[in-house]
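Read the numbers this way: they start at 1 and go in the same order the structure lists the ligands and their atoms.
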Amino acid sequence: MRIVVSKNIGFCFGVRRALDMAERLAGARARVCTLGALIHNREVIARLAEKGVVTIERPEDAPEGACVLIRSHGVPPDVADRLRARGLEVVDATCPFVSRIHAIVREQHENGRTIAIYGEPGHPECAGVNGCCEYKAVFLRNPEDVRALDPGLPLCLVAQTTASAAGYEGICSAAASYMHDALVMDTLCSATKERQSEALRMSASCTKMLVIGDKCSSNTAQLSQVCKKGCDNVYSLAKVDELPLEKIHADDIIGIVSGASAPDAIIREVITRMSELDKTMAEGPVENEEVKAEASAATVEELVVTEPEAKPAVESEACCACACECEADEQAPAAVEPEADAASETEEAPAAKAESAESFAEAFEKTMVRIKNGQVLTGSVVQVNDGEVCVNIGYKSDGFIPRNEFSSDPDVKPEDIVKIGDKIDVEVIKVNDGEGNVLLSRKNVESKKIWDSLMQDDQITDKVFEGMGKEVVKGGLIATIDGIRAFVPASQLSTKYVENIGDFVGKPIHLKVIEVDKARKRIVASHKAVMLAEAEEARRQKWAELEIGSRVTGVVRRLTDFGAFVDIGGGIDGLVHVTDVAWGRVKHPKDVLSVNQEVEVIIRDVDIEKQRVSLGYKQLQPKPWTMADQKYPVGTIVEGKVVRIVPFGAFIALEPTIDGLIHISQVGVKRIAKVEDEINVGDIVRCKVLDVNVEAKRISLSRREALLDEHPEIVEELAAERAERDRANAERAEQRAAAEASRQQQQQERRTAERADRNDRPERRERGDRPRREENDYDLPPVQSVSTSMADIFAAAIGSSEATGDKEE
Ligand code: F3S
């Protein structure tokens, strides 16, 4: 047995795309529904339903808040508008082939042409197309319908994507010969044509044909009809269980084709079962080792083998190849009935018919562009949808630019760049991707243009390009320059060592081209070169801008004994000499400045030749003593460092350029003999400002006051001592007063006695009495009061001597 699998098998492009979109929406939206069944396959629909994608039949059935997916057939514009008017999200999965017809019909309807559609009026695709011309289209089913029209009518003729190519040719020929102004558009789906023509070729060389697809799928039924033209044994099956195994023999050549909505899983099962059957058949050699070996392969594409030698092409009949809702039976749809075509053909003389068909084919062929891989063409955009762009390149089928072939920048959205009707240059990547689609690339064309323009530029190495970091590779970074890949070695990424090259990925980067290999189309670029050039330019500009006396902002980079180096930008470091660091005397710049400190400095001198800049820092600082009275108000507590001790006090550095003096009497709370008894050089002390004399540059400080203010317990202690001292003093004063009173009384008594004695003396003299002194007779000293005071003792002694003197006197 030999098994031949069609190359055009499984989902068509439009159906696969719609399914992918449904799957994506199911994961991203809460409620998703499709307007009509997305595909004619119950298993797939059931699987989608499990994921929350339900099928509705009418727009009104869409639940509130749902996301409505328009299937590949498309819908009339007003249907989508009604859904949007309800606030529903509408996601359009209309097949680009169908969308192209919409665009054509809209445009030609606006141009005043009558739209004629070759297709089934009840087919949803035709209904959608009709909606694009306000439902004013006329439907044509055979050439007779054309002749029923007004020949002067400006006509635009389109066909349902899956209509019969032969039938459409007949319609077009009739229109060309009968109508005065007929615009004929080739809108047939190339994928369907490819599928059917391949099935026809295969059926001519196979003994049995297996057509996989759902029973209600009209395109599957159509495919069966096509196969029957070349093969008498055609079997349709929707699942593997329906294989007619009993009718298959070892010497059979089995052809396997499928409708556009047949899932890969079923196709794989059928092929596997057939291979197993082949193995079990004893009789007959195994002809198709390749298929058997690969029967369990994961993808259908891997199972496809080269078809038998093709026979001359036979026109395939029309079908609804996509996931339409046609309730067609195994027979072809009415719109594409071969009988209808045949009937029309019988009305023309065979010679005329042959001539007409030939002329149409020739004319049609003449309008077709011949294309090959790598060819660059200019086409017009006919649709932009979900990142893919459909382009009319004048070929028999439109081409598609996949998202990754639109631009080298993955962030670019095609819808932001192009719109329908735009002319763009594209390169043919594949004339046929296996489904009759032409794959195009805009990215390649753009890249080539940019490369050519880059290579024409003699000054390329002098220019700076805006690039974009893309990926980390061994030894560096891959970046893009206008879409052209460029290698940036790690050593050329920065002027500094780059620890993580990944930091550049996804970020814009300025690049300079440093090496070009035209033969291999390779560019080596450098960001470091840009940085160095920018730094040099900034440096040059900075030198030009430097103006003596102007202020600049910089960062302290280095401190030395003789000054501070300040980076003032542009790669220029200026020097602030130590004498220009502060107004006062500064031993080292670090006393005032610190590394990495941002400072404002004044340019004092510029020597461009020697590239030296002298800066001043203190010049922009207020002179310290001018603000001292405001900075250190009298009565405030300040803190400073003891920097010098002298016999009369200590000098306290309040700041590098302002010292205050604590007099020795203000150093401690008690009287001290020397300053060092309380404080030493280097101590940090708190003092109270007693006086500020700005002119004399003097600040008087008191540590004693600060201590008393800040330590109430010391005040209490001192008060207690003072009270005790006062009490003792009062007591002594009292004693002194008492002693004095006693002494005065004694003096008084003594004087009284003396006076009395003196008064008696004349009488005694008259009598001649002389006072006679007895031997050992003497005057007793007055009684002295008890005193501990030396003063009292001295006073008493003095009083005694006075009394003695008086006596002697
Ligand atoms: Fe589109 Fe053709 Fe399929 S029109 S949906 S690709 S059969």
Number the atoms of ligand 1 from 1 as they appear, then name those within less than 4.0 Å of a heavy atom of [X], with their elements.
{"X": "Cys189", "value": "2 (Fe), 4 (S), 6 (S), 7 (S)"}
{"X": "Thr161", "value": "4 (S)"}
{"X": "Thr192", "value": "2 (Fe), 7 (S)"}
{"X": "Cys12", "value": "3 (Fe), 5 (S), 6 (S), 7 (S)"}
{"X": "Gly14", "value": "5 (S), 6 (S)"}

Pair Tyr118 and Phe139, ring centroids less than 6.0 Å apart: no
Exactly one of Asp241, Val240, Ile212 should register a side chain to side chain contact (heavy atoms under 4.5 Å, CB included) with Glu269. Which one does? Val240
Do Met179 and Leu153 make a side-chain contact, defined as non-hydrogen atoms from C-beta onward lying under 4.5 Å apart? yes
Is the shortest distance from a Lys or Arg side-chain nitrogen in Lys51 or Glu23 to a carboxylate oxygen in the other one below 4.0 Å? yes
Measuring from atom CG of Asn444 to atom CD of Glu427, what distance do you get when rounded to the nearest 0.5 angstrom? 4.5 Å
Atom 3 (Fe) of ligand 1 reached by Cys95 (N, O or S, under 2.8 Å): no
